[in-house]
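None of these values were measured; they are calculated from a predicted model. Worth knowing before you read on, the calculation uses all heavy atoms, side chains too, and leaves out hydrogens, waters and symmetry mates.
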Amino acid sequence: LVELVESGGGSVQSGGSLRLSCPTSVYTYSGYCLGWFRQAPGKEREEVAGIDSDGRTSYADSVKGRFTISQDNAKNTLYLEMNSLEPEDTAVYYCAAGVVVITTCDFGYWGRGTQVTVSS
């Protein structure tokens, strides 16, 4: 069983920063994968960043250089540090976890989401 509860969302002005946290029990498994997704009003859900048990990371082009995904195995927590936030980053952010299947991540567990609002 993997439980995910995002926190750290809120309202910030353009150029500001936020750090999202997601405690998870995924670290008890081997071959796990974690990711941050977001969904803005009227838009489809998109993957923002991903990380696996080997520490490999990936980012959407729209956030590369501004967002950093990381994990603290000792604290069983996934993080997303968001810098230089822009109004376009406004969305509900979700933490997701799963198991690596071949070369892809089967995201079978999802958090409830945390709102991030960036004003100009």
Side-chain angles (χ1 to χ4, degrees):
L1 178 65
V2 177
E3 296 182 346
L4 303 166
V5 182
E6 306 93 336
S7 65
S11 299
V12 64
Q13 292 189 330
S14 180
S17 300
L18 287 173
R19 189 189 192 193
L20 305 183
S21 299
C22 180
T24 176
S25 60
V26 73
Y27 302 111
T28 63
Y29 301 92
S30 61
Y32 67 81
C33 41
L34 297 161
W36 287 99
F37 294 76
R38 69 183 181 185
Q39 186 167 24
K43 302 183 68 175
E44 296 183 350
R45 185 182 64 187
E46 64 173 337
E47 184 173 1
V48 175
I51 191 169
D52 61 24
S53 55
D54 292 324
R56 298 186 180 277
T57 60
S58 62
Y59 298 92
D61 289 339
S62 60
V63 306
K64 192 173 299 183
R66 299 188 298 117
F67 290 11
T68 301
I69 186 172
S70 62
Q71 57 186 332
D72 188 333
N73 294 46
K75 297 181 179 180
N76 296 333
T77 303
L78 175 72
Y79 300 98
L80 182 67
E81 183 176 348
M82 304 181 291
N83 299 314
S84 300
L85 285 164
E86 305 169 354
E88 293 73 26
D89 296 316
T90 296
V92 176
Y93 285 71
Y94 300 89
C95 176
V99 61
V100 176
V101 180
I102 310 300
T103 59
T104 62
C105 183
D106 180 13
F107 290 107
Y109 301 91
W110 296 83
R112 302 174 72 88
T114 184
Q115 177 70 47
V116 171
T117 302
V118 184
S119 60
S120 60

Point-to-point distance, once rounded to the nearest 0.5 Å, from CG of Asn73 to OG of Ser53: 9.5 Å
Using modelled atom types only, decide if a donor and an acceptor are shared between the side chain of Thr117 and the backbone of Thr90 within a distance under 3.5 Å. no
Between CG on residue Leu34 and CG on residue Leu80, distance to nearest 0.5 Å: 12.0 Å
According to a hydrophobic-cluster definition based on side-chain heavy atoms being under 4.5 Å apart (Ile, Leu, Val, Met, Phe, Trp, Tyr only), do Tyr59 and Tyr93 belong together? yes
Could you pull out all residues at least two apart from Lys75 that satisfy salt bridge (charged side-chain N to carboxylate O under 4.0 Å, His left out)? none
Which heavy atom of Ala96 sits nearest a heavy atom of Phe107, and at what distance? CB-CD2, 3.6 Å
Listed pairs under 3.5 Å, donor-acceptor, residues 12-24 side chains, sequence neighbours left out:
residue	atom	partner	partner atom	Å
Ser17	OG	Asn83	OD1	2.9
Thr24	OG1	Val26	N	3.1

Can you tell if the side chain of Met82 reaches within under 4.5 Å of the side chain of Val116, non-hydrogen atoms only? yes
Hey, can you tell me if Tyr94 and Trp110 have their rings parallel, tilted or perpendicular (30° and 60° cut-offs)? perpendicular
Between Val48 and Tyr32, is there a shared hydrophobic cluster once you connect ILVMFWY residues whose side-chain heavy atoms come closer than 4.5 Å? yes
Is there a chain of hydrophobic side chains (I, L, V, M, F, W, Y, each step under 4.5 Å between heavy atoms) that links Val92 to Phe37? yes
Hey, what do you get for CD1 (Ile69) to SG (Cys95), rounding to the nearest 0.5 Å? 8.0 Å
Please determine whether residues Phe67 and Tyr79 belong to a single hydrophobic cluster, defined as Ile, Leu, Val, Met, Phe, Trp and Tyr linked transitively by side-chain heavy-atom distances below 4.5 Å. no
Between Glu6 and Arg112 (salt bridge meaning N to carboxylate O under 4.0 Å), is one present in this structure? no
Look up atom CG in Leu4 and atom OG in Ser25, then write down how far apart they are to the nearest 0.5 Å. 7.5 Å
Leu78 vs Trp36, side-chain contact (heavy atoms from CB on, under 4.5 Å): CA-CA, chis, key distance, verdict: CA-CA 9 Å; Leu78 175 72; Trp36 287 99; 3.4 Å; yes
With a 4.5 Å limit on heavy-atom distance, are the side chains of Val63 and Arg38 in contact? yes
Using only atom types and a distance under 3.5 Å, with no angle test, would you say the side chain of Asp52 pairs donor to acceptor with the backbone of Gly55? yes
